[in-house]
Amino acid sequence: MERTLIIIKPDGVQRSLVGEVIARFERRGLRIAGLKLMHISRALAEEHYAEHKGKPFYEGTVRYMTSAPVVVMVLEGPNAIQAARQTMGKTHPLEAAPGTIRGDFGLDIARNLVHGSDKPETAEREIALYFKPEELVSYQRVTDAWLSE
Ligand SMILES: Nc1ncnc2c1ncn2[C@@H]1O[C@H](COP(=O)(O)OP(=O)(O)OP(=O)(O)O)[C@@H](O)[C@H]1O
Ligand SMILES: [Mg+2]
């Protein structure tokens with residue numbers, strides 16, 4: 001069982017794609033362990049994207065992520081990190097396959113709708129940035145037994 005941090009970025013919320021995006025992850029089989037609407041502060045965005053500090057797109061990305069509310073969630077399931085990133089599609093929507101979130105709804109790398117953690121260490125760090133431990137809920141769904149052995 002693995003956990004990943006997903007963000008529906010400001011463009012996803014503004015374009016009323018919250019339900020559509022969540023539905024795709026749900027249909028994939030991933031289980032929601034935490035979910036909230038929030039407005040990311042400049043300090044939090046800088047911490048989240050610290051690995052990109054100094055790159056040409058860093059400032060624009062921080063401004064984009066703080067420009068309007070986002071929906072953040074923790075999803076869990078077997079190989080949740082890889083499964084979620086596959087459902088999202090490649091970073092640039094023009095390279096993302098049709099059928100993925102970015103491939104179906106995006107055009108511009110700077111407005112690519114969703115964020116997903118890229119590896120287990122990143123997921124752990126990012127989940128801690130957005131959620132207190134008590135905000136995450138552990139439970140089973142009746143369908144979980146039908147999603148993996
Ligand atoms: N060349 C670029 N021009 C503009 N924005 C960019 C560029 N490269 C990355 N970004 C923005 O910074 C984010 C982080 O880039 P990263 O390389 O981590 O891609 P990613 O892991 O696919 O995306 P994310 O971390 O948001 O899930 C991208 O999702 C995008 O919003
Ligand atoms: Mg990334």
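Remember, it's 1-based here, ligands and their atoms both numbered in the order they're listed.
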Tell me, which protein residue and heavy-atom name are nearest [atom], and how many Å apart are they?
{"atom": "atom 13 (C) of ligand 1", "answer": "Tyr49 CE2, 4.0 Å"}
{"atom": "atom 25 (O) of ligand 1", "answer": "His115 ND1, 3.0 Å"}
{"atom": "atom 30 (C) of ligand 1", "answer": "Ile109 O, 3.4 Å"}
{"atom": "atom 20 (P) of ligand 1", "answer": "Thr91 OG1, 3.5 Å"}
{"atom": "atom 5 (N) of ligand 1", "answer": "Phe57 CB, 3.6 Å"}

Of the backbone atoms (N, CA, C, O) and the side-chain heavy atoms from C-beta on, which set of [X] has a member under 4.0 Å from an atom of ligand 1: side chain, backbone, both, or neither?
{"X": "Asn112", "answer": "side chain"}
{"X": "Arg102", "answer": "side chain"}
{"X": "Arg85", "answer": "side chain"}
{"X": "His52", "answer": "side chain"}

Identity of the nearest option to atom 11 (C) of ligand 1, non-hydrogen atoms only, from Thr122, Thr61, Leu113, Asp11 = Thr61

Taking a cutoff of less than 4.0 Å between a non-hydrogen atom of the residue and any ligand atom, is [X] in contact with ligand 1?
{"X": "Arg111", "answer": "no"}
{"X": "His48", "answer": "no"}
{"X": "Asp118", "answer": "no"}
{"X": "Gly60", "answer": "no"}

inquiry  = Given the ring of Phe131, does Lys36 sit roughly above its face, with NZ or CZ under 6.0 Å from the centre of the six-membered ring and within 45° of the axis?
reply    = yes

task = Please say which of Arg27, Arg28, Arg24, Gln82 ends up in a side chain to side chain donor-acceptor pair (under 3.5 Å) with Thr87.
result = Arg28

query = Taking NZ, NE, NH1 and NH2 as the nitrogens, is one of them in Arg125 or Glu121 under 4.0 Å from a carboxylate oxygen of the other?
reply = no

ask   = Which atoms of ligand 1 have any heavy atom of Gly116 under 4.0 Å away?
value = 27 (O)

query = Counting each atom of ligand 1 from 1 as listed, which ones have a heavy atom of Lys9 under 4.0 Å away?
reply = 26 (O), 28 (C), 29 (O), 31 (O)

query = So if you build clusters from Ile, Leu, Val, Met, Phe, Trp, Tyr with side-chain heavy-atom gaps below 4.5 Å, do Val13 and Met73 land together?
reply = yes

key: In one Ile/Leu/Val/Met/Phe/Trp/Tyr side-chain cluster, 4.5 Å: Phe105, Met88   = yes

Take atom [atom1] of [X] as the centre, draw a 6.0 Å sphere, and report whether it contains more than 12 heavy atoms from other residues, nucleotides or ligands.
{"X": "Glu59", "atom1": "CD", "result": "yes"}
{"X": "Glu124", "atom1": "CD", "result": "no"}
{"X": "Glu149", "atom1": "CD", "result": "no"}

inquiry  = Below the 3.5 angstrom mark, is there an N/O of Ala110, backbone or side chain, next to an N/O of ligand 1?
reply    = no

Heavy-atom check, side chain of Arg31 versus side chain of Asp144, under 4.5 Å = yes

Heavy-atom donor-acceptor pair, Asp104 side chain to Gly99 backbone, under 3.5 Å = yes

query = Out of Lys119, Arg3, Glu2, Gln86, which one pairs with Ile81 under the side chain to side chain contact (heavy atoms under 4.5 Å, CB included) rule?
reply = Glu2

